[in-house]
Number of protein chains: 2
Amino acid sequence: MPAEAKVSAKVNKPAKVEARAAAPASPPLTERQEARRRRILHASAQLASRGGFDAVQMREVAESSQVALGTLYRYFPSKIHLLVATMQDQLEHMHGTLRKKPPQGETAAERVAETLMRAFRALQREPHLADAMVRALTFADRSVSPEVDQVSRQTTAIILDAMGQENPTPEQLSAVRVIEHTWHSALITWLSGRASIAQVKIDIETVCRLIDLTAPAPR
Amino acid sequence: MPAEAKVSAKVNKPAKVEARAAAPASPPLTERQEARRRRILHASAQLASRGGFDAVQMREVAESSQVALGTLYRYFPSKIHLLVATMQDQLEHMHGTLRKKPPQGETAAERVAETLMRAFRALQREPHLADAMVRALTFADRSVSPEVDQVSRQTTAIILDAMGQENPTPEQLSAVRVIEHTWHSALITWLSGRASIAQVKIDIETVCRLIDLTAPAPR
DNA sequence: CGCTAATCTAGAACAAGTTTCAGACTTGAT
DNA sequence: ATCAAGTCTGAAACTTGTTCTAGATTAGCG
């Protein structure tokens, strides 16, 4: 049975591990632990890429990442935590990718819409993964708030980046929040087959008009 | 153990029961079946009003509504189906209530915002119930699409009612869809404690501006 | 080296959603 | 009144998320 029992650890130490994105202050992980965490996230994304939310089964994740079930739960206290962390991971990657080629639109609204559509196209390439991540995100309860918030901040950063707005006004931030709402909800309707890709595009473009409404001067 | 086994049925007949809202064409239910359906929905709402999503446990719903577990599943093929049907039920009620006192705002945007805030206040009175319904709604997968769509149509009807708009343009319908997106997503952030009531209010008011953007002439 | 605390592992156990089944009851038709 | 089909019940079984436990391993430290 021990398919992965021959890892032979060498370092460890912290008491509580939690899901982080980049490097917020927290108990530092040893490289071995960092490697475990990475294996877990990789397995999670991999399983999600096939069957979506349902295909990410904790026992399978544990096995694929060569970690005991109990250990998996020590790293990620629930399936939702795991998938939200997976999303953090993917989002980071996405943000990096998007940064490289900034959108071309004239107005801030156009640039934001273009950026979101770019992200959308990326998600379309892995619809099952998108399903798992988005479903987890919206299903998350209070116990996952910090992690979901982190995802939200990351998303906000991406949008603000696209706007090219250094210090947005409160009004603009409201618009950005509404855009995020629309983004998540539109993804859900698409993932559950209740809206077409074209529909999502229209919704995004529609909501992005709010930006021009709150920030007449593009640059 | 048979706590509810003494009902002694007298009528029945259809083969497949599905969740409906008002009266779409489908296998007509006998009064006895209609009564069962009603008991189930009532139990569902009751349990949801306490602990929210998690408190709605299928075994408990079955027991509270004096129906065998298998029967519950015949009426509602999953917990999600049940909760979405519960939402349909509540929404209908809500729509009736809202109809009575139409919003007072000058512009369509104001009226819609006022209506949604009214609905929001109603939800605040039963936050657990709101939690159960909204979580189910956004977590629903393709197998629940018809029912979720029905909820969506009902919501759209409420918003169009508030707009006082008889035959909306495609642009306006887009705006309405975006408003619904924002509505759902904002509710979620509130329910999971990531946004305050005030925050939700702002988001609603912000997104409602889109209406004036697409329909300059109020009436 | 030898000790102590923390971590990891394998596996059992538990909880709640879902499925399945045999049998009792109802219904509608003959 | 009787029969065939469909429905409901009670209970067990199965699935997957989550928790718990005992023991092996490792790390940090004198």
Side-chain angles (χ1 to χ4, degrees), chain A residues 1-17 27-37 39-40 44 47 51 53-63 65-83 132 136 139-141 143-144, chain B residues 1-17 27-37 39-40 44 47 51 53-63 65-83 132 136 139-141 143-144:
Chain A
M1 266 113 221
E4 78 294 19
K6 247 52 282 190
V7 187
S8 106
K10 226 177 291 178
V11 193
N12 55 5
K13 177 217 51 231
K16 291 237 167 165
V17 181
L29 301 187
T30 65
E31 52 181 299
R32 192 163 303 268
Q33 290 175 316
E34 192 56 54
R36 279 202 198 90
R37 184 169 194 281
R39 285 205 305 277
I40 293 173
S44 167
L47 288 171
F53 188 90
D54 292 333
V56 180
Q57 304 193 350
M58 300 305 268
R59 284 173 240 263
E60 290 221 18
V61 172
E63 195 168 338
S65 48
Q66 302 200 293
V67 145
L69 191 53
T71 305
L72 171 54
Y73 272 95
R74 178 194 282 277
Y75 280 72
F76 302 96
S78 78
K79 174 171 175 173
I80 301 292
H81 280 85
L82 171 58
L83 285 174
F139 192 64
D141 65 3
S143 72
V144 203
Chain B
M1 269 82 242
E4 77 293 26
K6 247 47 287 181
V7 188
S8 109
K10 225 177 290 176
V11 191
N12 55 7
K13 177 213 55 230
K16 289 239 168 163
V17 182
L29 300 188
T30 65
E31 50 181 301
R32 192 163 302 269
Q33 290 176 318
E34 192 57 53
R36 278 201 198 92
R37 184 168 193 282
R39 285 205 306 278
I40 294 173
S44 168
L47 287 171
F53 188 90
D54 293 334
V56 181
Q57 303 194 351
M58 299 306 268
R59 283 175 242 261
E60 290 220 16
V61 172
E63 195 168 338
S65 47
Q66 301 199 290
V67 145
L69 192 54
T71 305
L72 171 54
Y73 272 96
R74 177 195 281 275
Y75 279 71
F76 302 97
S78 77
K79 173 172 175 174
I80 300 293
H81 281 85
L82 170 58
L83 285 174
F139 191 63
D141 64 4
S143 71
V144 203

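Naming: A, B, ... by sequence-line order, numbering from 1 per chain. When reading the values below, keep in mind they use all heavy atoms of this one structure, side chains included, and skip hydrogens, waters and symmetry mates.
Between F76(B) atom CZ and dT18(C) atom P the separation is 13 Å, expressed in whole Å. Summarising the geometry, the separation between CD on E34(B) and C1' on dC8(D) is reported as 17 Å, rounded to the nearest angstrom. Rounded to whole Å, atom C1' of dA11(D) lies 16 Å from atom CG of L72(B). Between R74(A) atom CZ and dA10(C) atom P the separation is 15 Å, expressed in whole Å. The CZ-C1' distance, from R36(A) to dA6(C), rounds to 12 Å in whole Å.
Among residues two or more places apart in sequence or in another chain, the side-chain contact (heavy atoms from CB on, under 4.5 Å) test is passed with S78(A) by I80(A), H81(A). With sequence neighbours left out, the side-chain contact (heavy atoms from CB on, under 4.5 Å) criterion links E60(B) to L47(B), Q57(B).
Between L72(A) and V67(A), the shortest heavy-atom contact is N-CG1, 3.5 Å. The two residues V61(A) and S65(A) make their nearest non-hydrogen contact at O-OG, 2.5 Å.
A sub-4.0 Å separation between OP1 or OP2 of dC8(D) and a side-chain N or O of Q33(B) is present.
Between the side chain of K79(A) and the backbone N or O of A136(A) there is no donor-acceptor pair closer than 3.5 Å.
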Where do N or O atoms of nucleotides 14-18 of chain D meet protein N or O atoms at under 3.5 Å, pair by pair?
unit_1: dT16(D); atom_1: OP1; unit_2: Q57(A); atom_2: NE2; d: 3.2
unit_1: dG17(D); atom_1: OP1; unit_2: V56(A); atom_2: O; d: 3.3
unit_1: dG17(D); atom_1: OP1; unit_2: K79(A); atom_2: NZ; d: 3.0
unit_1: dG17(D); atom_1: OP2; unit_2: M58(A); atom_2: N; d: 3.1
unit_1: dG17(D); atom_1: N7; unit_2: R59(A); atom_2: NH2; d: 2.5
unit_1: dG17(D); atom_1: O6; unit_2: R59(A); atom_2: NH2; d: 2.8
unit_1: dT18(D); atom_1: OP2; unit_2: Y73(A); atom_2: OH; d: 3.0
unit_1: dT18(D); atom_1: OP2; unit_2: K79(A); atom_2: N; d: 2.8
unit_1: dT18(D); atom_1: O5'; unit_2: Y73(A); atom_2: OH; d: 3.4
unit_1: dT18(D); atom_1: O4; unit_2: R59(A); atom_2: NH1; d: 3.3

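Rounded to the nearest 0.5 angstrom, L83(B) CG and F76(B) CZ are separated by 10.0 Å.
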